[in-house]
Amino acid sequence: MQVTAAALLAALFTAGNTEVVVSPDASGVTRFAAREVAEHLGKTLGGALALSECPTPGKSHVFVGASRWAEEAGVVTNGLARDAFRLKITRTDAYVAGVDDPSVDPVSALGKGIWPQYYERASVFGAYEFLERFAGTRFYFVGELGTVIRHRKMVSAPLTDEVVAPAFSVRRYSYRGSDWYEGPVRKAGSRELWPKQFLNAMRLRMETRHIPCCHGLNKFAYLERFSATHPEYFQLKGGKRNIDPTVKHKGHICNTSGIWEEIYQDVKAYLTGRPASSRGLPVRSSGNNGWPFNCLQGRYVDIMCQDGLTKCECEGCRSRYVDGIDWGKELIWSNTVAVANRLKAEGVPGFVTQMAYTGYRAVPETVEIPDNVMVMVAEKGPWSVHQPHILKKNNDEIAAWNRKLGRKVWLWLYMNKFAALCIDDVPTMTPKCVGEYFAQHKTDILGAYIESECEQFLYNHLNWYVFSRICWNPDVDVEAILDEYYRLMYGRAADDVKAAFGIFERKWVDEIG
């Protein structure tokens with residue numbers, strides 16, 4: 001084998017001379033990362049790679065996770081941001097290491113639902129970076145068809161020493177309601193699909209810490225707790241209080257009633273470490289000290305209004321409404337701010353979250369918002385890029401919120417088949433719009449959650465893939481990503497598939513979505 005000048009500035013990995021090294025005391029997360037490297041790099045090189053707890057002299061190594069060998073090479077994880085990792089390539093070895101949760105077994109967690117997926121696994125992200133950048137592996141979606149292995153006898157990794165970190169801290173998409181493609185179990189909603197769905201999100205390097213912000217007041221069970229003793233806590237509609245447990249969007253509160261004292265005490269109790277039972281909440285989970293999942297990590301409480309918000313007709317609420325579609329903006333945000341300011345005054349650490357949403361999306365004019373309020377803004381998102389009037393209005397709202405807060409918001413975006421968009425068997429493949437939209441917001445948001453329920457996950461997989469690339473590098477060349485995708489996935493049919501996907505995108509965005 002001829003060694004070129006470029007090869008002298010790179011580490012070279014071959015099947016017969018490479019082993020993946022993980023420390024004997026490594027966590028389950030770190031070992032999972034090492035196995036991913038060994039499996040996929042081995043497939044690339046055409047031979048099984050050994051997984052070793054001690055490096056063999058004379059071989060090339062991929063050291064995964066924190067270890068004494070990484071420390072000796074100057075690869076330490078102290079001070080790294082969440083999900084960031086160190087990547088170092090020397091003349092003979094590679095090192096990938098980040099902060100990994102020592103208490104989690106990823107394989108077990110993949111089968112347990114959404115909440116067990118939130119743990120630190122930066123070495124896993126580093127493993128995927130190594131495979132993608134140097135071995136050319138592509139994880140378009142989980143399974144043989146969606147994983148591209150580029151077979152070669154040698155992998156060359158140029159010398160580098162860098163920290164890789166995501167540009168967006170919020171990186172999440174929804175995958176409910178989608179049938180899977182490969183394997184015996186394909187039915188949407190089946191628990192047997194969870195490992196594939198969650199592994200897909202892991203390989204796309206989605207978020208590992210969730211900030212709750214989705215109709216959080218629903219989860220405090222106020223109707224169950226107070227409808228009998230305090231019916232005045234609930235919305236007045238047609239002369240009756242909203243206490244019927246059988247109606248849609250049950251239990252809307254009256255926003256000028258005494259329920260806000262209860263809301264504050266619930267928030268305070270959670271943030272000060274008291275159990276949910278101390279506030280009389282029905283305990284439906286043994287985790288999280290009995291609190292529902294609008295309360296997370298001991299730091300965040302989601303107090304977003306219930307869905308389907310309409311006007312309460314009591315005199316107190318009516319006197320606080322303003323004209324226009326954002327009739328509730330002053331009332332809703334003043335209540336949110338009152339909770340946050342009282343937390344500060346009483347020395348309670350933590351954050352409350354609130355979404356700028358229908359009825360109160362616009363920036364309030366009469367209140368200042370303290371730094372312990374985190375704001376998410378709901379917008380149409382990528383499907384608005386060909387609708388200039390909607391796009392401008394949405395972008396102006398995001399800019400206005402950033403000015404109001406003096407800090408970045410994050411977004412809830414809609415790319416799902418909902419209501420009039422529930423059209424079966426029409427692909428929602430719109431990756432170019434995803435790239436165009438986030439190019440406009442690459443510096444002014446913390447990231448986004450894409451609500452993207454659809455009958456087939458394949459209709460969304462390329463949207464998610466492009467989104468994942470942008471989350472880590474907003475300056476990525478989306479056209480180049482797509483051209484590579486068509487070539488690697490479809491070979492000689494690349495041009496035809498590209499043309500077909502272009503039709504899907506134009507039809508959906510310009511005529512349907």
Side-chain angles (χ1 to χ4, degrees), residues 20-43 49-53 62-67 70 77 80-87 94-132 135 137-144 146-147 164-166 169 171-175 180 182-183 185 190-210 287-288 293 296-297 457 464-465 468 471-472:
V20 179
V21 182
V22 61
S23 178
D25 59 354
S27 68
V29 175
T30 306
R31 289 184 179 277
F32 178 89
R35 290 195 299 271
E36 289 284 85
V37 173
E39 176 185 347
H40 291 96
L41 184 58
K43 289 179 179 178
L49 295 188
L51 194 62
S52 174
E53 293 186 346
V62 182
F63 293 94
V64 179
S67 67
T77 60
L80 290 179
R82 179 111 184 178
D83 297 341
F85 54 86
R86 289 284 305 274
L87 173 63
Y95 301 84
V96 291
V99 176
D100 298 330
D101 191 313
S103 66
V104 176
D105 171 17
V107 175
S108 175
L110 287 172
K112 293 183 177 179
I114 183 64
W115 300 116
Q117 310 313 313
Y118 289 103
Y119 59 89
E120 290 192 272
R121 50 179 176 269
S123 293
V124 177
F125 295 158
Y128 295 141
E129 175 76 12
F130 175 85
L131 291 166
E132 291 166 352
T137 310
R138 293 293 180 267
F139 299 105
Y140 294 123
F141 55 88
V142 168
E144 183 179 356
T147 305
V164 181
S169 57
R171 313 180 302 278
R172 187 173 175 234
Y173 61 82
S174 62
Y175 27 74
W180 205 262
E182 293 183 89
V185 180
S190 171
R191 292 192 175 205
E192 286 80 0
L193 287 181
W194 285 354
K196 293 181 180 180
Q197 293 170 329
F198 298 139
L199 180 59
N200 199 64
M202 184 188 295
R203 287 181 173 167
L204 294 181
R205 293 188 252 170
M206 293 290 102
E207 67 185 23
T208 66
R209 170 184 286 154
H210 179 59
N288 202 30
F293 285 103
L296 278 179
Q297 300 155 22
F457 97 95
W464 295 338
Y465 183 79
S468 74
C471 284
W472 284 76

Item checked: ring pair (Phe, Tyr, Trp, His ring centres under 6.0 Å) against Tyr119, all qualifying residues, sequence neighbours excluded -> none
Notebook entry, point to check: Excluding sequence neighbours, so at least two apart, what forms side-chain hydrogen bond (donor to acceptor under 3.5 Å, both in side chains) with Arg138?
Noted result: Glu484
Next item on the list: With sequence neighbours left out, write down each residue that passes ring pair (Phe, Tyr, Trp, His ring centres under 6.0 Å) with Tyr140, or none if nothing qualifies.
Entry: Tyr465, Tyr485
Item checked: Set of residues satisfying side-chain contact (heavy atoms from CB on, under 4.5 Å) with respect to Ala127, sequence neighbours excluded -> Ala33, Val37
Next item on the list: For Phe130, check ring pair (Phe, Tyr, Trp, His ring centres under 6.0 Å) against everything at least two apart and list the hits.
Entry: Phe13, Phe134
Next item on the list: Applying side-chain hydrogen bond (donor to acceptor under 3.5 Å, both in side chains), name anything that partners Ser52, two or more places apart in sequence or on another chain.
Entry: none
Next item on the list: Just jot down the ring pair (Phe, Tyr, Trp, His ring centres under 6.0 Å) partners of Phe125, sequence neighbours excluded, or say none.
Entry: Trp472
Note to self: Applying side-chain hydrogen bond (donor to acceptor under 3.5 Å, both in side chains), can you list everything that pairs with Ser67, at least two apart in sequence or on another chain?
What the structure shows: none
Margin query: Going by side-chain contact (heavy atoms from CB on, under 4.5 Å), name the residues that satisfy it together with Trp180, two or more places apart in sequence or in a different chain.
Written below: Val142, Leu193, Lys196, Gln197, Asn200, Phe457
Next item on the list: Only counting residues at least two apart or in another chain, list the ones meeting salt bridge (Lys or Arg N to Asp or Glu O under 4.0 Å) with Asp83.
Entry: Arg171
Item checked: All side-chain hydrogen bond (donor to acceptor under 3.5 Å, both in side chains) counterparts of Arg205, not counting sequence neighbours -> Glu129, Glu132
Checklist line | Summary of salt bridge (Lys or Arg N to Asp or Glu O under 4.0 Å) pairs that have at least one residue in residues 104-118, sequence neighbours excluded | finding: none
